[in-house]
Amino acid sequence: MPELPEVETVRIGLASLLEGGTFRRVTTRRADLRFPFPERFAERLAGARVLRLERRAKYLIAHLSTDEALVMHLGMTGRFHIQAPGEAKPHLIGDYEYSTGAAPKHEHAVFEMQGGGRITYADPRRFGYMLLVPEAELAAHAMMRALGVEPLSAELTPAYLASRAAGRRSDLKAFLMDQRIVAGLGNIYVCEALFRAGLKPGRPASVLATPTGKPTAHATRLVAAIKAVLEAAIAAGGSTLRDYRQADGQAGAFQETFCVYGREGEPCVRPGCRGIVRRNTQAGRSSFFCPVCQR
DNA sequence: AAAAGCCCCTGGACGC
DNA sequence: TGCGTCCAGGGGCTTT
């Protein structure tokens with residue numbers, strides 16, 4: 001699922017149950033996801049109250065009354081189902097409805113809240129993970145400290161992008177995928193932002209800066225494109241893709257407005273453009289772009 | 001320090 | 001229906 005807009009959608013959905021709530025009982029159904037669950041995970045959470053649920057990049061961070069933070073990453077396929085106290089059955093956050101009948105596969109952790117709420121975490125590929133980090137160590141934690149700016153914050157400016165891109169050898173695709181530069185973009189939104197900015201993914205990142213390190217017009221357009229595409233995606237409730245879609249789901253809607261992602265061979269959406277969307281592989285991942293609009 | 005591979009894991013789509 | 005192959009919103013880790 002999860003790039004920044006999807007994680008933000010999940011955060012909003014989880015916050016209603018988590019914020020102000022207290023863990024009554026936590027159960028893990030296996031020892032590890034990508035990494036082992038933290039030592040004494042269930043005991044450390046039981047009785048803890050969630051003060052605030054934050055998103056940073058693609059991480060969810062639950063700040064706890066115990067002076068620890070529960071840090072969660074969804075990997076590629078992590079999903080939460082929530083069941084509020086009055087609800088008859090669980091429903092998925094930000095993706096699709098709870099599957100019918102059969103026990104949910106790959107459900108690895110269950111969080112039962114005081115008052116009857118229930119949250120489950122499922123993750124078929126298990127690229128996600130959960131950490132418990134003392135609040136005092138959070139900012140310096142290996143997973144957090146190198147993260148770049150939040151793209152929707154005032155910190156993402158043309159000048160910032162130019163300063164990080166100057167002298168770089170990598171192409172724009174790899175530059176934007178790098179969480180140390182801009183934190184929270186992934187394959188979809190990098191492709192979509194580059195389309196909106198009219199920039200080909202294979203262009204060198206250094207086109208964002210002049211020889212003296214000042215932002216170019218490309219940098220200005222790219223910043224605007226990143227912010228616009230993320231805001232639109234969040235407003236639409238994120239994106240839902242092929243294999244995680246269910247027939248009767250309340251899926252995110254943003255995938256219906258992709259301009260290039262997943263549209264190889266289809267005509268460019270820009271009115272009057274005769275381009276056909278192409279796909280190539282960069283750093284082991286697919287890039288989609290219009291060879292006419294994007295230069 | 002930056003860049004490029006490899007790897008983790010499961011499941012769906014597609015071709016034969 | 002049953003293989004085998006390729007591909008997938010992630011990023012950490014190791015090597016160059």
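- Here the nucleotide nearest the side chain of A:Y129, chosen from B:dA2, B:dC9, C:dG12, is C:dG12.
- A straight line from CZ of A:R125 to P of C:dG11 spans 13 Å, rounded to a whole angstrom.
- Look at CD on A:E6: it is 9 Å from P on C:dG10, rounded to the nearest Å.
- A:R126 comes within 4.0 angstrom of sugar-phosphate atoms only, judged by non-hydrogen atoms across all strands, and of no base.
- For the pair A:R263 CZ and C:dA8 C1', the interatomic distance rounds to 19 Å; values are reported in whole Å.
- A:K173 contributes a side-chain N or O that, together with a main-chain N or O of A:S286, makes up a donor-acceptor pair within less than 3.5 Å.
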**Message:** What does the 5'-to-3' dot-bracket notation of DNA chain C look like when only Watson-Crick and G-U wobble pairs under 3.5 Å count, and pairs to other strands show as |?
**Reply:** .|||||||.|||||||
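- Remark: side-chain polar atoms of A:D123 are paired, donor with acceptor, to backbone N or O of A:G128 under 3.5 angstrom.
- Base orientation of C:dG9: syn (glycosidic angle within 90° of 0).
- With centroids closer than 5.5 Å and planes inclined by less than 30 degrees as the test, A:F127 and the base of B:dC9 fail to qualify as a stacked pair.
- Here A:F23 and A:F111 bring their ring centres to under 6.0 angstrom of each other.
- Side chain of A:S206 to backbone of A:A166: no donor-acceptor contact under 3.5 angstrom is found.
- Close to C:dA8, at under 4.0 Å from its OP1 or OP2, lies a side-chain N or O of A:S286.
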